[in-house]
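Okay, structure first, notes after.
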Amino acid sequence: GDVPGEPELRRALAEVVAANPGCGRIRLTVSSGPGPAGLGRGGPPTVVAVTGPPRDTSGPETVVWSPWPHNEHGALVGIKCSSQGEHVRALAAAEASGAGEALVANCEGALCEGATTNVFVVLNGQVCTPPLSSGCLPGITRALLLEHCEWIVEREVPVEEVGAAEEIFLTSSLRGVHGVERVESVRLPPAPGPFTRAAAASLAALHAGEPDP
């Protein structure tokens, strides 16, 4: 079946927000709906809106590497779906070690993404983020920064280069631009660094409808 149209979805979201004043985020999930046991699908979709508190990004983040690589050639590459079991485990392992995010490599030994974020790495004064061919999700915040910050480039980032980063920052719709202060036991220069601040300022200007700073 068809997913409800934009006007109906907007009305539903407005009702959910009105019933949860002060909510910091809202997530819209579309599933295949009721179906038979097994993997077959085909019923009318189910649409669910969930609200929750905002994420605290007041301080810099600590990240660790996930022990499980991501298959950049998998069937769900580039699709944001609820079948994120690998990243759920990666994030749980990171949080168990005292970190707030897991960095995920792909099967070629290059940086892919964070379990819940896209990742930007500053190397030799250049801001790099893995290309979509790495297997990362095409995040909205990632796309906005690439479109409006000409000083950010897409390129493969081998895992071993991440340890030499001058800055690292994470992006997502919930985090915005979030600086990283530590990778595993390696402490980076004080975060947020100048490129992280510039990316955050550009994103803030976009949200405010102003020209890029």
Side-chain angles (χ1 to χ4, degrees), residues 6 9-10 13 17 23-30 52 54-63 70 72 76-81 84 87 91 100-106 110-159 161-162 164-183 188-213:
E6 182 176 341
L9 289 176
R10 285 186 176 275
L13 291 173
V17 171
C23 67
R25 56 180 174 174
I26 186 166
R27 183 182 67 203
L28 195 64
T29 301
V30 180
R55 184 182 184 93
D56 180 14
T57 58
S58 57
E61 188 64 277
T62 294
V63 301
H70 179 63
E72 67 272 29
L76 297 178
V77 165
I79 299 174
K80 188 170 185 178
C81 65
Q84 293 288 317
H87 283 8
L91 181 61
E101 177 63 308
L103 299 184
V104 180
N106 62 23
L111 175 65
C112 176
E113 59 189 353
T116 63
T117 58
N118 289 112
V119 185
F120 293 73
V121 181
V122 181
L123 297 166
N124 298 317
Q126 182 179 63
V127 185
C128 313
T129 193
L132 297 184
S133 59
S134 71
C136 68
L137 280 174
I140 294 171
T141 305
R142 173 188 183 277
L144 285 172
L145 291 179
L146 284 171
E147 180 180 355
H148 294 277
C149 301
E150 69 282 355
W151 38 271
I152 299 177
V153 301
E154 291 181 281
R155 80 160 175 87
E156 182 178 290
V157 181
V159 166
E161 289 190 22
V162 176
E166 296 136 36
E167 291 179 48
I168 297 175
F169 60 88
L170 312 171
T171 65
S172 73
S173 295
L174 294 180
R175 290 178 186 256
V177 175
H178 195 184
V180 172
E181 66 176 353
R182 185 188 295 269
V183 181
L188 301 176
F195 286 106
T196 304
R197 293 195 300 270
S202 292
L203 184 63
L206 286 170
H207 287 328
E210 302 170 357
D212 289 345

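All residue numbers refer to positions in the sequence shown, counting from 1.
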Under the side-chain hydrogen bond (donor to acceptor under 3.5 Å, both in side chains) test, residues paired with His87 that sit two or more places apart: Glu113
Closest heavy-atom pair and its distance - Ala165, Pro189: O-CD, 4.5 Å
Gly78 to Pro138 - nearest heavy-atom pair and separation: O-CD, 3.6 Å
Ile26: side-chain contact (heavy atoms from CB on, under 4.5 Å) partners, not counting sequence neighbours: Leu13, Val16, Val17, Ala49, Thr51
Straight-line distance of His70 NE2 to Asn106 CG, nearest 0.5 Å: 8.0 Å
Non-neighbouring partners of Arg175 that pass salt bridge (charged side-chain N to carboxylate O under 4.0 Å, His left out), sequence neighbours left out: Glu61
Nearest-0.5 Å distance, NE2 of residue His148 to CG of residue Leu144: 5.5 Å
side-chain contact (heavy atoms from CB on, under 4.5 Å) partners of Ala199, counting only residues at least two apart: Leu145, Trp151, Phe169, Val177
For Thr171, side-chain hydrogen bond (donor to acceptor under 3.5 Å, both in side chains) partners two or more places apart: none
Residues which pass salt bridge (charged side-chain N to carboxylate O under 4.0 Å, His left out) with Arg155, listed by chain and number, not counting sequence neighbours: Glu161
Counterpart residues, side-chain contact (heavy atoms from CB on, under 4.5 Å), relative to Val183 (two or more places apart): Val63, Trp65, Leu103, Ile168, Val180, Leu188
Steps toward side-chain contact (heavy atoms from CB on, under 4.5 Å) verdict (Ile152, Glu150): CA-CA 5 Å; Ile152 299 177; Glu150 69 282 355; over 6 Å; no
Kindly list each side-chain donor-acceptor pair under 3.5 angstrom involving residues 121-136, sequence neighbours excluded, with atom names and distances?
from	atom 1	to	atom 2	distance (Å)
Thr129	OG1	Val119	O	2.7
Ser134	OG	Pro131	O	2.7
Ser134	OG	Cys136	N	3.4

Residues which pass salt bridge (charged side-chain N to carboxylate O under 4.0 Å, His left out) with Glu147, listed by chain and number, not counting sequence neighbours: none
Test item: Asn118 side-chain N/O and Leu137 main-chain N/O as donor-acceptor pair under 3.5 Å: yes
Contacts of Leu91 that satisfy side-chain contact (heavy atoms from CB on, under 4.5 Å) - sequence neighbours left out: Glu95, Glu101, Ala115, Thr116
Pairwise distance CG(Asp56) to CG(Leu174) - rounded to 0.5 angstrom: 12.5 Å
Nearest heavy atoms of Pro60 and Glu181, plus distance in Å: CG-OE1, 3.4 Å
Residues forming a side-chain hydrogen bond (donor to acceptor under 3.5 Å, both in side chains) with Glu154, sequence neighbours excluded: Arg142
Set of salt bridge (charged side-chain N to carboxylate O under 4.0 Å, His left out) partners for Arg10, sequence neighbours left out: Glu6
Any donor-acceptor N/O pair, Glu156 side chain to Ala110 backbone, under 3.5 Å: no
